[in-house]
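Order of appearance sets the numbers: ligands from 1, and atoms from 1 within every ligand.
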Amino acid sequence: MSAAPVHLQRGGVSVVLARDTDGIPRVVHWGAALGDLGEADLTGLADARRPGVSHSAYDGPRTTGLVPDGTRGYAGTPALSGHRVGGNARAVTPSLVAWDVHVDGDASLTCTSTDDEAGWSVRVGLSLDDAGLLHARTSVTNTAAGDLHLASVLTALPVGAHATELLDLTGRWCKERSPQRHPWVQGTHRRDARHGRTGHDATLVMVAGTPGFGFGAGEVWALHTAWSGNHTHYAERTPEGECLIGGGELLDPGEVVLAPGETYDGPRVLGSWSGTGLDAMSHRFHAHLRSLTPRVRTERPVIANSWEAVYFDHSLERLAELADAAASVGVERFVLDDGWFLGRRDDKSGLGDWAVDPDVWPQGLGPLVEHVTGRGMEFGLWVEPEMVNLDSETARSHPGRVLRGRAAAPPEWRHQQVLDLQDEGAYDDLRAALLALLDELDIAYLKWDHNRDLTDAVHDGRPAVHGQTRAFYRLLDELRDAHRTLEIESCSSGGARVDAEVLSRTDRIWPSDTIDALERQHLQRWTSLLVPPELIGSHVGGPTAHTTGRTHSLRYRAAAALLYWFGIEWDVSRLDEATLAELQEWVALHKRVRPLIGTGTLVHPDHPDPAVVVTGIVAEDRSEAWYVVATVAATATQHPAPLRLTGLDPDRRYRLTEEVPRGIGADLSGAWSGDGAELSGRVIASSGVALPVMRPEEALVLRVVAVG
Ligand code: DGJ
């Protein structure tokens, strides 16, 4: 690159990279598209962003380069750290001064720099995709003698200093991805996830935004670290005025050691900017994740899952009965959950022995698969390949395959341990067992579970999470290569493995073990900050949720699942005719909405009453939209504010109706709710329509169709 700044522009976003006074590249703009800028404009922009020099400070202007670097005076978190064992390199920390910038087209560049004194060569790739999502990745190569022990390789992106609020997510089992919001003050706000999997409490995204930003307003920048092992997201604001959001893998000492010439590629870090709030920010992530799951049809099959229906109560008769009832309401894929394999009569034994249990399934699973496919449904099977119960043939015959850091195994978690996937024998046997199942049975889908954290995980004397995570990816890749139409769901005690890297190899996530419809209203909305709705599994459970004890109407439960990948997890073989008919209506309604879900735009119209949660899906061409309005708390003292629905074309007229499946009475009075209303998209979004007075934990389904 010449000294002139580089302007990447695509998908409504611009990134400008300019050299500082020392020639070090730094991002001077990541945000709104800047249009056609000539060299003079770009140089003007770079100059205008050069800070002044204060007293008692470095003698020249200090800016943070593309790689925040302590040797150049950055006093926040250094992006790179490590140490060398052996060799005679003199410097410890890399100082990257001479940079080569290679520009590839109008939306992609690669910066490389080598510090010979330290023996580090670093590559940072930046590119904008068609939707304006910024892809960044940092790689390190050891260029000197001796081993380079990496401590951290982070990728950080600068955001506007006027972003003074942070939003990140946290959680626990059955409460994944709960938002926490706070002022962005000076210092580092770090969200480390050290679970050996993505984690129930993983933030999913780190968002910085202008005061009061919402789903439909405010300027926001978000970053996602695409990694399913230990990882971090952070936001850092320094006294010098730097504002960065960053992420990367968390490495334990000795976990990644580069021999001379070896390279470490950090995880992909994805950055999404929006000038109009969180929804537009999410759309950039959604477009990317949609492009990663090409094997999946845009219309996801309605699923019935056996878990909360029968748990471990397996028999051909019981499951066939469940499958019959599922088929009768319109289910298209029947998933046999936990409990089918050797010795698995409860959750204390059997993991690791991936052969069908002849005591429960004397003829194997063949007859059930035939029964399911004979009813016109696909068959799916639950597995938890990375885990092992000590009470299993696998653990008894190969105790050395249990991942551990000492003689005693780590504390049990759901009575299970982790299988060391870096042990070649363990990996090969596991792959062979899974391939045998896939070869033998007509399996369209695996629900891939992972029910514990990795604790004291060591392989060959080294911390093992990095290697275990890579081995997991390799296993998925090999199975998918061997079975090219196989779809896989990423489940991990509910939603503890939700990230863009696992979603580049899987086709759906199970966001939580709670299918309580009220909890789901929150959980799904925050999960969809990153994940598009058609990849988020959402099931209709029984009237009383098993995980919370709350009881909801079928209408409320089904409405919560309507706009996502719809499923049923309920013993439908025991339902009366009327309930079955109602459920069938909801499945049919979902199938009407479904063409929009995998291709349309997800919106969350902001409503001033926190008890009202609105979710909508708008067709790509904005000719049609569906909204679910749900109350999630005690009713407010005031009559509800109007509903202002976003996502529509302001210049078109729409007919808005309350859509209720036939035969299901709804007591939702409102001036327009009988015959509907005909209004322009602009009026619906700005003035809104009266929201009928709703009871607590009640749901309303609206359809909006363009007229004329
Ligand atoms: C945890 C999952 O999240 C559940 O959906 C179910 O598959 C159980 N594991 C089975 O053990």
Task: G494, any N or O under 3.5 Å of ligand 1 N or O - done: yes
- [ ] Output the list of atoms in ligand 1 that are nearer than 4.0 Å to some heavy atom of S493, sorted by atom number.
- [x] 3 (O)
Open item on the list: Check R550 with E519, please: is the shortest side-chain N to carboxylate O separation under 4.0 Å?
Closed with: yes
TODO: For atom 5 (O) of ligand 1, find the nearest protein heavy atom and state the residue, atom name and distance (0.1 Å precision).
DONE: K447 NZ, 2.7 Å
Task: Nearest-contact summary for atom 11 (O) of ligand 1 - protein heavy atom, Å - done: D338 OD2, 2.6 Å
Open item on the list: Looking at R474 and E478, is there a salt bridge between them, counting it only when a charged N and a carboxylate O are closer than 4.0 Å?
Closed with: yes
Task: Side-chain ion pair, R290 and E534, N-O less than 4.0 Å - done: yes
Open item on the list: Is there a polar contact, in the sense of an N or O pair closer than 3.5 Å, between D449 and ligand 1?
Closed with: yes
TODO: Look at E487 together with R333 and state whether they make a salt bridge at an N to O cut-off of under 4.0 Å.
DONE: yes
Task: Within 45° cone and under 6.0 Å: R197 NZ/CZ vs W413 ring - done: yes
Task: Heteroatom proximity flag, W307 to ligand 1, N/O under 3.5 Å - done: no
Open item on the list: Looking at ligand 1, would E569 count as a contact under a 4.0 Å heavy-atom criterion?
Closed with: no
Task: Per atom 6 (C) of ligand 1, closest listed option by heavy atom (L351, N305, D337, V335) - done: D337
- [ ] Using a strict 4.0 Å threshold on nitrogen-to-oxygen distance, state whether R497 and E386 make a salt bridge.
- [x] yes
Open item on the list: Just to be sure I read this right, does ligand 1 sit under 4.0 Å from the backbone of R414, its side chain, both, or neither, counting only heavy atoms?
Closed with: side chain
- [ ] Number the atoms of ligand 1 from 1 as they appear, then name those within less than 4.0 Å of a heavy atom of C491, with their elements.
- [x] 2 (C), 3 (O)
- [ ] Answer with yes or no after comparing the ring centroid distance for F215 and W526 against a 6.0 Å cut-off, counting only values under it.
- [x] yes
- [ ] Quick one: look up the protein heavy atom nearest atom 3 (O) of ligand 1 and list residue, atom name and how far away it is.
- [x] D513 OD1, 2.3 Å
TODO: Could you note down all residue pairs passing salt bridge (Lys or Arg N to Asp or Glu O under 4.0 Å) where residues 308-317 supplies at least one of them, sequence neighbours left out?
DONE: D313-R318
